[in-house]
Amino acid sequence: MANSAQARKRARQAEKRRQLNSSQRSAMRTTVKAVLKAVNAGDKEQAQAAFTKASSALDKAAGKGLVHKNLAARGKSRLNARVRAMA
């Protein structure tokens, strides 16, 4: 347990940031799942629209440090490959 006022404040800040990061990471994952759902359903237009949103969400998450930039790039690449394979 934090003993000093400074340590207590840092614990409060860390908890607040943890919850915010968790929420943002969950939202990012939801957008990725929307692309996969559209691909599995065979709806190309919806998949492309969802891919645009997911791509943006991955870039924002990487910019904020929620995920590594290579993870975001890899995710976008794999999603794009799935969407393009829906010929």
Side-chain angles (χ1 to χ4, degrees):
M1 184 65 199
N3 291 322
S4 67
Q6 180 182 13
R8 284 191 293 272
K9 179 177 179 179
R10 292 306 257 161
R12 284 195 310 270
Q13 289 175 329
E15 177 61 19
K16 200 176 203 179
R17 287 192 179 109
R18 184 188 68 78
Q19 289 177 351
L20 183 64
N21 288 341
S22 176
S23 172
Q24 290 175 342
R25 193 177 298 113
S26 175
M28 177 202 67
R29 289 174 177 159
T30 302
T31 61
V32 170
K33 287 178 186 175
V35 177
L36 298 176
K37 185 176 178 182
V39 168
N40 289 336
D43 188 352
K44 185 158 185 158
E45 289 181 17
Q46 189 176 358
Q48 288 175 335
F51 172 72
T52 304
K53 288 182 182 177
S55 178
S56 174
L58 283 163
D59 284 337
K60 285 180 185 176
K64 293 177 182 178
L66 289 175
V67 295
H68 195 276
K69 64 179 183 137
N70 289 355
L71 185 147
R74 184 172 63 243
K76 289 188 331 187
S77 176
R78 288 178 179 176
L79 288 175
N80 192 32
R82 285 195 176 196
V83 172
R84 290 173 62 97
M86 292 179 66

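One is the number of the first residue; the rest follow in order along the sequence.
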Please set out all donor-acceptor pairs under 3.5 angstrom arising from side-chain atoms of residues 16-29, sequence neighbours excluded.
residue : atom : partner : partner atom : Å
R18     : NE   : E15     : OE1          : 3.1
R18     : NH2  : E15     : OE2          : 2.7
Q19     : NE2  : E15     : OE2          : 3.0
N21     : ND2  : R17     : O            : 3.3

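Applying the salt bridge (charged side-chain N to carboxylate O under 4.0 Å, His left out) test to D59 and every residue at least two apart in sequence or in another chain returns K76. For the side-chain contact (heavy atoms from CB on, under 4.5 Å) test, residues two or more places apart in sequence or in another chain that qualify with K9 are R12, Q13. For the side-chain contact (heavy atoms from CB on, under 4.5 Å) test, no residue two or more places apart in sequence or in another chain qualifies with A49.
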For E45 and D43: C-alpha separation, side-chain torsions, deciding distance, then whether side chain to side chain contact (heavy atoms under 4.5 Å, CB included) applies.
CA-CA 6 Å; E45 289 181 17; D43 188 352; 4.1 Å; yes
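Of the possible polar contacts, one joining the R8 side chain to the N3 backbone as a donor-acceptor pair under 3.5 Å is found. S56 places no side-chain N or O within 3.5 Å of a backbone atom of T52 that could act as its donor or acceptor partner.
Counting non-hydrogen atoms of neighbouring residues, nucleotides and ligands closer than 6.0 angstrom, the CG atom of N40 exceeds 12 such neighbours.
Here the straight-line distance linking atom NZ of K64 with atom CG of L66 works out to 7.0 Å at 0.5 Å rounding. Summarising the geometry, atom CG belonging to L79 is positioned 13.5 Å from atom CZ belonging to R84; distances are rounded to the nearest 0.5 Å. For the atom pair F51 CZ and T31 OG1, the distance stands at 11.0 Å (nearest 0.5 Å).
Across every non-hydrogen atom of A72 and A62, the tightest pair is CB-CB, 3.8 Å. When all heavy atoms of A47 and V35 are compared, the closest pair comes out as O-CG1, 4.3 Å.
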